[in-house]
Each structure stands twice: as C-alpha cells, then as structure tokens.
Amino acid sequence: MFSSLAPARRRLVLALLVLVAVGVVVVAAIVASSLRTDDPVASVDQSVPGPVLLVPGFGGSTGALDVLAAALREDGRDATVVALPDGGVGDLTAQAGTLRDAADAALTRTGATSVDVVGYSAGGVVARIWAADLGGAEQARRIVTLGSPHHGTQVAGLAAQVLPDRCPTACQQLAPDSSVLAALNSGDETPEGPQWVSIWTDVDQVVTPPTSAELDGAIDIPVQSVCADSTVDHGNLPRDPLVAAMVSAQLEGGSTTQLGAADCSRLS
C-alpha cells in the first residue's frame, strides 16, 4: 500500500503512524500511573496485645516511668522502660533507633506480633520518628503519647536562642521551628498501622503551649477533659494514677476510645 504512494505522502503517513503509536504509549502510561498505589501497611491485630515499651522524655530518666510500668504490670502486661542513648539528650533519630532495637528484641523474646508504645514527653516524638521512618508503623498496635511536644515547645526554642551551649541536640530538635519537627509534621502526623492517642495536661509548663501535644489523626485527650479538677503537671504525668488508668484504658480492648467527663469516676 505504501509503495503506491508518492515519497512525500509516504513520509507523512509514516509520521502520523509514529505519532499515534507514541500517543497510545503515553495514554497507557497515564492509566497505569493512575491505577498504581503504594502498598498499604499491614494492619496489626488490635485484639491481641503484645509487650509494652515505655520511652522516657528529655534527659532519659527511666525512674519517671517506673510507676507507670509497674501499674501496667499489675494489669498483666509485659512492660519495659527503654534506656535511651546519650542520656536522652542526643539526636532524637538515634533514640528512635534504640526504640526500634527494643521493639525487635521484645517481639523476639515474647513471640508477639506487635508492641504497644507509650512515649512520655520527648519520648512521644521519638515514637513518631520510629513509626514514620524506621518501620515502627508495621510493628506497633497502639502508640500513646504523654505530654509530648509534637509541634515543639517554646521552652526549648527559648533555650536554643538564649543558652545554645546548654541546649543539647534533643533540646534544639524540640524547638518549634526545628527541621526534625518540620519533616515529621509535613505529611501524615499519624502513619497508618497503629492506633494513636495523645494524652496531655492543660497546666503543662514544660510543653508550651500545652496544645502542642495535639496530634492530627490521634485521639486527643486533655486530662482535664476527663477530670476537670486534675492539677497534674508535666513532670507527674507518668506518675499520676488517673493518667495511668487512662493509658491502661487505651491499651486494653479491641480499640482505642475517646474518654470524657463521664469516665472520671470510673478511672480516678
């Protein structure tokens, strides 16, 4: 058929055929791209609780969490306080690596399929880094944070500006404008996989403003929304019996739950 065409017309037809072929390829690529989705994180069985890992705050004091760990053990849970590197004042990403190792060890030791994590203060930010960047979202069943500066604290911001020599790496990373928090909050604040809860106190003078503990996608529970007369401050969050009961309520059962004033008498 082409041999009967004049050379100029033959070149025109061939050019048109090439354009059509290219168009088909482009359309196919667009369709394939629209159908392609990232593999979702496998859902953890919410009905089967595993060991609990408690992550200390800035300074790494494990003693602050011993009371809460003991309360969870009384509930029959396997609870371990994670010892953080560098005294808990070094790079938060390195601390998240320690949490990853602790989770791997707990799963191996117990044969469980998931862990629950309770992060106190900066420990809640560490738990988020672990979940977002180090595979924690595939291992965690529940992540509960206590008074965590998810969007930074003005206390750290002021320290970084006025006393930079006395504001170590973790302190600088907890400033509201830190690159670590900017990256952590730039996308999904609560990656798919675990169920998320943020518990905090209205009278927090360390995490300022206290609403920095609010976490998009989590169940947010100010302690005072449960018991209005609570005066628990930042330092006593992991030692307070009401808070311990709130944490236990979020770690038991088949799902997390929003708590309110109707639960005060039951939990306190």
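Owing to the predicted nature of the structure, the values given are computational and were not obtained by experimental measurement.
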Can you give the donor-acceptor pairs under 3.5 Å from side chains of residues 152-160 to other protein atoms, not counting sequence neighbours?
from: T153; atom 1: OG1; to: V155; atom 2: N; distance (Å): 3.2
from: T153; atom 1: OG1; to: V206; atom 2: O; distance (Å): 2.6
from: T153; atom 1: OG1; to: T208; atom 2: N; distance (Å): 3.1
from: T153; atom 1: OG1; to: T208; atom 2: OG1; distance (Å): 3.4

Checking side-chain contact (heavy atoms from CB on, under 4.5 Å) for the pair M246/V226: CA distance, chi angles, key distance, verdict?
CA-CA 9 Å; M246 292 171 64; V226 177; 3.9 Å; yes

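- Here the closest non-hydrogen pair linking I143 and A127 is CG2-CB, 4.1 Å.
- Residue pairs meeting the ring pair (Phe, Tyr, Trp, His ring centres under 6.0 Å) criterion with at least one partner in residues 205-260, sequence neighbours excluded, are Y120-H234.
- S186 places a side-chain N or O within donor-acceptor distance of the main-chain N or O of A183, the cut-off being under 3.5 Å.
- Of the N and O atoms on the side chains of Q224 and T201, at least one donor lies less than 3.5 Å from an acceptor on the other residue.
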Determine whether V117 and V55 satisfy the following criterion, side-chain contact (heavy atoms from CB on, under 4.5 Å), listing intermediate values before the conclusion.
CA-CA 7 Å; V117 174; V55 188; 4.0 Å; yes

For D116 and R141, what are the C-alpha separation, side-chain angles and deciding distance, and is it a salt bridge (charged side-chain N to carboxylate O under 4.0 Å, His left out)?
CA-CA 5 Å; D116 290 340; R141 169 179 169 266; 2.7 Å; yes

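- Applying the salt bridge (charged side-chain N to carboxylate O under 4.0 Å, His left out) test to every pair with at least one member in residues 256-268, sequence neighbours left out, gives these pairs: D263-R266.
- Think of V67 as one node in a network of Ile, Leu, Val, Met, Phe, Trp and Tyr side chains linked at under 4.5 Å; it has no links at all.
- D220 and Q258 share no side-chain donor-acceptor pair at under 3.5 Å.
- Between the side chain of S121 and the backbone N or O of G123, no donor-acceptor pair lies under 3.5 Å.
- Between the side chains of H150 and T145, at least one donor N or O sits under 3.5 Å from an acceptor N or O.
- For residues 84-100, the side-chain hydrogen bond (donor to acceptor under 3.5 Å, both in side chains) pairs, not counting sequence neighbours, are D91-Q173.
- Here ring pair (Phe, Tyr, Trp, His ring centres under 6.0 Å) pairs that include residues 178-206, with residues two or more places apart or in two chains, number zero.
- You'll find the side chain of L146 reaches within 4.5 Å of the side chain of V247, heavy atoms only.
- A 4.5 Å side-chain heavy-atom check between V223 and V203 finds every atom pair outside the cut-off.
- No donor-acceptor distance shorter than 3.5 angstrom exists from the side chain of S178 to the backbone of L174, with no hydrogens or angles considered.
- Minimum interatomic distance between A96 and I129 (heavy atoms only, all atoms of both residues): CB-CG2, 3.7 Å.
- Salt bridge absent: D78 and R73 never bring a charged side-chain N and a carboxylate O closer than 4.0 Å.
- Looking only at atom types and distance, the side chain of Q195 has a donor-acceptor partner in the side chain of T256 under 3.5 Å away.
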